[in-house]
Amino acid sequence: MWTKSTLLAVLAFHPASIQAFECTASAFDGLLPSNATVNFATAVPAGGSFNYPNPEFPANDTGLPALCAVSINVISSTQSSFNFGLFLPEIWNNRYIASGNGGFGGGSNWNDMESNVLNGFAAVSTDTGHLSGAFDATWALNRPESIIDWGYRAMHESVVMGKQITEAYYNGSIQYSYYAGCSTGGRQGLKEIQMFPEDFDGVLVGAPAWWVSHLQPWSLEAGLWNLPVDAPTHIPSTLFPVIGAEVLKQCDPQDGLVDDIIQDPYGCDFYPEALLCNPSLNQSNCLTAPQMKTLYKFYHDWTDVNDTFVFPSYPLGAEGQYGFLLGTESGVPSPLGTAWVLNFILNTTTVDWLAEFDYSVVQLGDSINPGHANADDFDLSPFAKRGGKLIHYHGLSDGLIPTGSSIYFHKQVLATLIPEGVNVPDFYKLYLVPGMQHCQGSVNDAPWYIAGGGQPFALGPTVSGVPGFDDAKHNALLALMQWVEHGIPPEEIIATKYVNDTVTDGVNSQRPLCPYPSQARYNGTGNPNEAESWTCKGLYTVS
Ligand SMILES: *[C@@H]1O[C@H](CO)[C@@H](O)[C@H](O)[C@H]1NC(C)=O
Ligand SMILES: *[C@@H]1O[C@H](CO)[C@@H](O)[C@H](O)[C@H]1NC(C)=O
Ligand SMILES: *[C@@H]1O[C@H](CO)[C@@H](O)[C@H](O)[C@H]1NC(C)=O
Ligand SMILES: *[C@@H]1O[C@H](CO)[C@@H](O)[C@H](O)[C@H]1NC(C)=O
Ligand SMILES: *[C@@H]1O[C@H](CO)[C@@H](O)[C@H](O)[C@H]1NC(C)=O
Ligand SMILES: *[C@@H]1O[C@H](CO)[C@@H](O)[C@H](O)[C@H]1NC(C)=O
Ligand SMILES: *[C@@H]1O[C@H](CO)[C@@H](O)[C@H](O)[C@H]1NC(C)=O
Ligand SMILES: *[C@@H]1O[C@H](CO)[C@@H](O)[C@H](O)[C@H]1NC(C)=O
Ligand SMILES: [Ca+2]
């Protein structure tokens, strides 16, 4: 099996690792077109740190390899500009990789860039044209050009200019270009392959926020289901763990193994009435009949006027993250919903949500499609034809972006490409991750770690790849590289759970993730914490 260590051993001797010029602002300045300027270029020694905090990625990068850190500003219109960062390592693997953002956040993702530069990549990331935290979209109010930067422009332009700078710096060609990102980062990756299929050879996207004009209103609608706070239908946050425990109790065994993990939430036959209060129950641990009506909405697609499907809701098992959108004790829905409608659609600062929000706002959002952010061009054939490969994954306990939206995307691609005669699994595979929450982390020790976008840095600044198991079977980025560079498609990808999500504490468990629609099932014998005890099963086992 082709592994990262053999790869790095070969590449370490490649002459392209000799830099053509010094790591100084003036040296980079000479390379740039008139719309771009250097913010800084700083050499970082081996083992050094780099801290250029922004509201989206405040963390310090420590334990870096020797590299040149560069930041560039690009004027994108008369009213907007964006920045992007590059980490150019002294020992380069001849490859280039871009990282993504989250929510409405703005800031170069120096953290994922560290995870990537530790593996020898030249790494790039953009601030998408503004600085803000992930839940803050006030920057977008009456700034259509900045919205376009966020929608797709800053990413594409940064990727293209970053490639030119990288090739000049090493006086050599980039052999392969990759992308890895989750959430908004997932959307950015899909947007790239739809609009600019030449930008990347391989793309790894997690939990993509691809359908902005429906996802954001759904985030708002879900909060409204649980408002007002004094209505009999309101479910207080204190009941979320009670609901989660009942779902686990019923759904865990239905997959064939009682292990506190729901392997197949869509296959679970759930009986919510088990949660109804009766006179002999402790009344703070059960649901009233009006609350049951609200719970029912959480588990069903949002359909509206004329039975129109608007967005899928939560899968069973996402209760641990209900607080993000359903914890409405403040009296208003989450900013993930309201901020988009206020700043991108209605261009205002206040709305009486319960009185004024309805399906017509979704239709208005569809017609505006701010910044063309929706990554909803399902004809991925230009990317397929140029040899591009796409690995897509989504946690089955994601309480921020419903897993069903990834399944829906996948089905739309199938519906578009099968009639064209394209065999979709030749270039695109979807993996659902039982128990994984939004992008990273999991409930009840479910194995979730595959070195996807944001995952390595979540385990620590100097973590890269899958420590102890860094091969194409366990590391989704290496699986993608093996597919792109050697034509070997991924089958199952083994997810890892480190004890307490701490690499140095060792591995708790591993379990295969299967290409959709197949699913991992316990063999019935063997240690369930070991991947060998599981087999991908399904009517269609995709190869
Ligand atoms: C860049 O590489 C070419 C050969 O590919 C060589 O002729 C040239 O001198 C190199 N330039 C620098 C600045 O190293
Ligand atoms: C970043 O981490 C390094 C190494 O621990 C430390 O020396 C430096 O002060 C930190 N920088 C900031 C801004 O926290
Ligand atoms: C900046 O200028 C270059 C060279 O003219 C052009 O290719 C690029 O599209 C411009 N970028 C933006 C964001 O306008
Ligand atoms: C809000 O502003 C955008 C441009 O920034 C515009 O396309 C949209 O139509 C405006 N919304 C309304 C309700 O006027
Ligand atoms: C009912 O449940 C609540 C919350 O779990 C707990 O605080 C309370 O003590 C319980 N009351 C009784 C009578 O058991
Ligand atoms: C619902 O259907 C009716 C009858 O076809 C149509 O007139 C109306 O515009 C539809 N409403 C929406 C919101 O699409
Ligand atoms: C898990 O890791 C966190 C962060 O490193 C630490 O604070 C906590 O004590 C650890 N818990 C256990 C049970 O080891
Ligand atoms: C589990 O089942 C698969 C397929 O039948 C088999 O290849 C594998 O060896 C089994 N593992 C164990 C530990 O029995
Ligand atoms: Ca189970």
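For ligands, and for the atoms within them, numbers begin at 1 and follow the listed sequence. Count residues from 1 along the sequence. Keep in mind that this is a model prediction, so the values were computed, not measured.
Annotation for ligand 2: atoms under 4.0 Å from non-hydrogen atoms of Asn51 are 12 (C), 13 (C). Shown in contact with Asn60 at under 4.0 Å from a heavy atom are these atoms of ligand 2, numbered in order with element: 1 (C), 2 (O), 3 (C), 8 (C), 10 (C), 11 (N), 12 (C), 14 (O).
Phe298 and Trp225 have tilted rings, their planes meeting at an angle from 30° to 60° on a 0 to 90° scale. Taking the six-membered ring where the residue is Trp, Tyr322 and Tyr299 present tilted rings, their angle falling between 30° and 60°. Between Phe50 and Phe40, the two ring planes are tilted [angle within 30° to 60°].
Inclusion of Ile261 in the first shell of the Ca ion (ligand 9) is supported: an N, O or S atom falls under 3.0 Å. Counting backbone and side-chain atoms alike, Leu257 contributes an N/O/S atom closer than 3.0 Å to the Ca ion (ligand 9).
For the side-chain contact (heavy atoms from CB on, under 4.5 Å) test, residues two or more places apart in sequence or in another chain that qualify with Ala154 are Phe82, Thr126, Asp149. Asp501 meets the side-chain contact (heavy atoms from CB on, under 4.5 Å) test with Trp448, Leu459, Lys497; sequence neighbours excluded.
Residue pairs meeting the side chain to side chain donor-acceptor pair (under 3.5 Å) criterion with at least one member in residues 394-405, sequence neighbours excluded, are His394-Asp398, His394-Ser406, Asp398-His438.
The minimum distance between the Ca ion (ligand 9) and any N, O or S atom of Asp252 involves atom OD1. The N, O or S atom of Asp259 with the smallest distance to the Ca ion (ligand 9) is OD1.
The aromatic ring centres of Phe87 and Trp110 sit less than 6.0 Å apart.
For the residue pair Asn101 and Gln188, a side-chain donor N or O sits within less than 3.5 Å of a side-chain acceptor on the partner.
To the nearest 0.5 Å, atom OH of residue Tyr428 and atom CG of residue Leu414 are 7.5 Å apart.
Protein neighbours of ligand 5 below 4.0 Å, counting non-hydrogen atoms: Asn282, Ser284, Asn285.
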